[in-house]
Structure formats: structure tokens, C-alpha cells
Amino acid sequence: MAAPGAAAGGGRSGTATGAAADWGGFEDNMQGGGSAVIDMENMDDTSGSSFEDMGEMHQRMKEEEEEEEEAEGEAGAAEEEDGEFLGMKGLQGQLGRQVADQMWQVGKRQASRAFSLYANIDILRPYFDVEPVQVRARLLESMIPVKMINFPQKIAGELYGPLMLVFTLVAILLHGMKTSDTIIREGTLMGTAIGTCFGYWLGVSSFIYFLAYLCNAQITMVQMLSLLGYGLFGHCITLFVTYNIHFHSLFYIFWLGVGGLSTLRMVAVLVSRTVGHTQRLILCGTLAALHMLFLLYLHFAYHKVVEGILDTLEGPNMPPFQRVARDIPVVSNAVLNTTAKAVALTL
Amino acid sequence: ARASVSLKAFRTVQFAGLTDVSIAEDIPVEGEITVPVGPHSPEDDYSTLDEPVKDTIMRDLKAVGKKFVHVMYPKKSSTLLRDWDLWGPLVLCVSLALMLQGGSADSKDDGGPQFAEVFVIIWFGAVVITLNSKLLGGTISFFQSLCVLGYCVLPLTVAMLVCRLVLLAGSGTVSFIIRLLVVLAMFAWSTLASTAFLADSQPPNRKALVVYPIFLFYFVISWMILTFTPQ
């Protein structure tokens, strides 16, 4: 607070023969104004705070006193500079403290400005402005391919639904890992699950957005995130069902049916927003391939990845990939399988 | 914190309209002059510094205990919200993580990742739910929400304790059914308790949007508890 006083004192003392003249001039400003407003022209380096001004004035007074005491019979300018020097030495610890304090204030101001600019979650607020009925409607719509592809389809740029779907997928993956396998290194498995799901959502969205930019499709990043996020609804359903009922054929039916429906919807929306056959082909082919392959990966290879991690961590004493749950007692497995068989029979 | 300036050539009347700031004559102004929030803060500091340590600890323990009671019998009271603290959540989180630790098949490195996993899931999940509820227009503050979510892990910690005791007795079919029922009941209790505290701070038509992530969060924790098998 008084550091600008030191700087201002240094600046100002060179301009007049005596500090008192400046001091008086400053005071004249105050008195002449008759108000509490400080004339900023006289300030070298203040932010306008009244505390700083008073601190600075106090500092100037002290320096003035010391100059008067120590520099008695000397010429004006030299006296001022020597006085300054002596002043700085005499006040060294205090000056250092004031400089440090000033730097802390400046740093704190900058940090809080940067924080309020970048870490402001209000930036995301419009993307979370949904009602439960809207979310439900969009979830159901994500399974219904649109017919009209000559007219750009509207995509809601909302992030609540996609975010919740990604977290649900993570939970389902954990559930799947538990039922199809064992105990252990859940730290690694948990990290893998979160990394896979978020990586897919963010990474593939960015990649398709980049391709869309190349192919001149009209879609924004938030819309792409939203579209792909809602496309994960099909994945969630498929995996939820097939992690509990272990039939390969059932999985393939779900893969083609449910996965295919949600992929078709995404593809149709993208096609409606792109012109040109080649561009449409590139964009939609890539998206369809990635989406369907991801589901395949989650169902089959994810377990292999898990097995691989477990193998490297535990050594080769693990039996090869088996789909029989080992640690959950027999009853749950038997119950599930008999239920599945009953369902298959009725179908 | 009021400081007084007494400068010789300075007329305080000029600044009388601004504020009454003063420092001692021979001490330069430095540091931060803060306006006290209310007249009671300096007195509070003095009183808690002078009391015996036992009093301080007992006061905090009583506050935590009162909040535990509020969680077990969730009524619409604002104690949890008003005087939030994070001691209870920390204690619950650490005890849950410790209890979930013994399930490692490999005794070489015992439960290191598991402890960290539970810790990270609970705190990361609570942060995400809080951000979500704030973005949906909630009026509750960040730490209040963390406090409520942490305290509502208490029923699940009790479930973990019960599960461990049941597993000591044996790990057959019956024990699985008992554990399943206990965990389900405690999961429902946790979710209802936290909903009772948090949903009030939301606009009425969006309660479902806030409850779903809480449901997911406690589901993941319950799943970890249910599938825990010691070796």
C-alpha cells in the first residue's frame, strides 16, 4: 500500500527542490477540490484506493522527515537523491515488505481475474438448462432415425443428458467387470473404465467435428458432443442387458438392432446437415464404423484388456477368459440363466 | 481491524466521508485492512483460543455426531446445510476405504489402489454431483453439497460393517442374500436422505435431474460394497 508512495516519492522528489512543495501542491489539490476524490494526475502508481493514498502520504511524510533530519547542509537535487538513498537504506526491511506486499496484491488481482474468467462455471450453465421431460424425449428420439434428410435436422446443444449417459456407461462397465470377473486391481480397472468412456465421447466427437469441418457440414462442437452422447444410450441398453445375460447370439441381435438404430439416427442427422455425396459418405461412414466398433470392443475386447491388465499384474495364474462368474455365489448365476432361458423360450 | 492515521500536514476531515482508517504514528501501513463481517469475530477468536483443547474437540465431535443423527433420521432440517463441515465425510470415507481394502487376492501390494480408488470415487463423484446441481440452478453452495453427500455415505458404511460381519460367518447363498438386502436397504436410505436435503434447493420441476446422479453415485458405492469378498 505504501510502495507506490516510495515510487511516487522517488519520482516526485526529483521534480521540485523540496518535497514540501510537492506535498503542499498535492494538498492544494485536495483542499481546492473540497471533495474526497483524489486527483489521479498526481499519482504515479496507485489504483485509486484511498488506503493506498493515505499510506503513500504517510510514507512521504516519513521520508520527508528523514530527509530533513539527515540532509541538512547540502544542495537540492543531490540532497534529494541522497536522501532517497538513505531513506531506502534506512527503511530497507520496510521497503522490501511493501514491495512484496504490492506484488502480492497485483498477483492476487490477476489470479482472481483469470479465475473468474476461466473457471466460471456459468459458461456451462446454458447447456444444462433442461427439463426432465425434454431429457426423456431426447433419449427416446435418439433411437428413432429421422426420415427427412433433405432438411437440416435440429440438434439440441445440451450437455446434461450426454454427461449422465457417459457416467451411466461407466457404471455399467464396472458392473460388467464385476459380474464377469473377479476382485482385484479395481484402481486400474476404474481408471480404465472412466478413461475409455470419456475418451470415446470427447475424442470421437472432436474427430468427427474435425471431419465435419473438412466436409463442410453444419454442426458445432457442442451439438456433436450432444449427438454422440445421446448415441451412447443404445450402448448403455445393450451392455446392461448383455452383461447380465451371457448369450453371444443375444449380444449380436442387440448389437445390430439397438446399436444400429442409434447409429442410423446419428448418421441421418449428419447427412441432413451435409451437402455432397462424397462428404456424406466419408462423414457417416466414419461415424457408423466407430460407433458400432466401440460397442463390439466394449463387449468383447474390453474383457481382454482387463484380463491383460490382470495378467500382467498377477502373473499367469489366471485361467483363460471365461464368462462364468467365479465369485458371486451360484444362486445368482443360476437364477439369471434360468430367467434368460425362460425368456428365450417365450420368445 | 481499524487503523488510525495521524499525519501532521493532513486533515482527516478530507477523508471523513470515506472511512475511518487510522494507523499508529510510527508504524507504516502494511498488510491487509479488512472490514470485519460482524462485530463478533474478534471476540470469538479470543474465546476459542483460551478454552481447553478438550472443549474444542468435544464441540466439533458433538457437531459431527449431531449431523450423523440427522442423516439417520432425515427430517427437513437445515443443520447439515447451515453449519457444514467435512470431518464427518472424511472419517466415513477413510473408514469405508479401509474396510473395502482387504479384498485383494494378491497380498503383494495390499489395497493401495483400492483405498485410492474409493477415495477418488467418493470425492470426485461428490464434486461432479455438486457441479451438476449448481449448473441446474441450485441454490446450495459447493461445500454444503459436499458435506451432505459425504454425510449420507453413513448408511453405506454401516452396510459395509454388516457385510464384513456376515462374511466372517460364512460366504454362502444365505449370506449373499442377507448382504444384498442390507446393501439395498442402505442404498435406498442414503439416496433418500441426500435427496431430502439436496432436492429442496432445486427448482421443483428439476428434482429428477439432480436425483439421478446421486442415485448413480450411491449405486457405484453399493456395488463395490456388495461385491466385496475378502481373501
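Chain letters run A, B, ... following the sequence lines, proteins first, then strands; residues in each count from 1. Predicted, not measured: the structure shown is a model, and the values here were computed from it.
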Between A/Thr168, A/Val133, A/Val135, who has the most heavy-atom pairs with chain B when the cutoff is under 4.5 Å? A/Thr168
Under 4.5 Å heavy-atom distance to chain A, tell me which part of B/Lys207 shows up: side chain, backbone, both or neither. neither
As an exercise: rank B/Leu226, B/Val120, B/Leu135, B/Ile121 by heavy-atom pairs under 4.5 Å with chain A and give me the winner. B/Leu135
Let me know if B/Leu209 has heavy atoms under 4.5 Å from chain A in its side chain, its backbone, both or neither. both
Going by the rule side chain to side chain donor-acceptor pair (under 3.5 Å), which residues pair with B/Ser133 if we only count those two or more places apart in sequence or in a different chain? none
Contacts satisfying salt bridge (Lys or Arg N to Asp or Glu O under 4.0 Å) that involve residues 211-223 of chain B (not counting sequence neighbours) are none
To the nearest 0.5 Å, what is the distance between CZ on B/Phe176 and CG on B/Leu167? 11.0 Å
Under 3.5 Å: donor-acceptor pair, side chain of B/Arg164, backbone of B/Met99: yes
Can you say whether A/Val130 sits under 4.5 Å from chain B via the side chain, the backbone, both, or neither, judging by heavy atoms? both
Go through the atoms of A/Tyr160 and report whether side chain, backbone, both or neither lie under 4.5 Å from a heavy atom of chain B. side chain
Side chains of A/Ser226 and A/Tyr127: any donor to acceptor distance under 3.5 Å? no
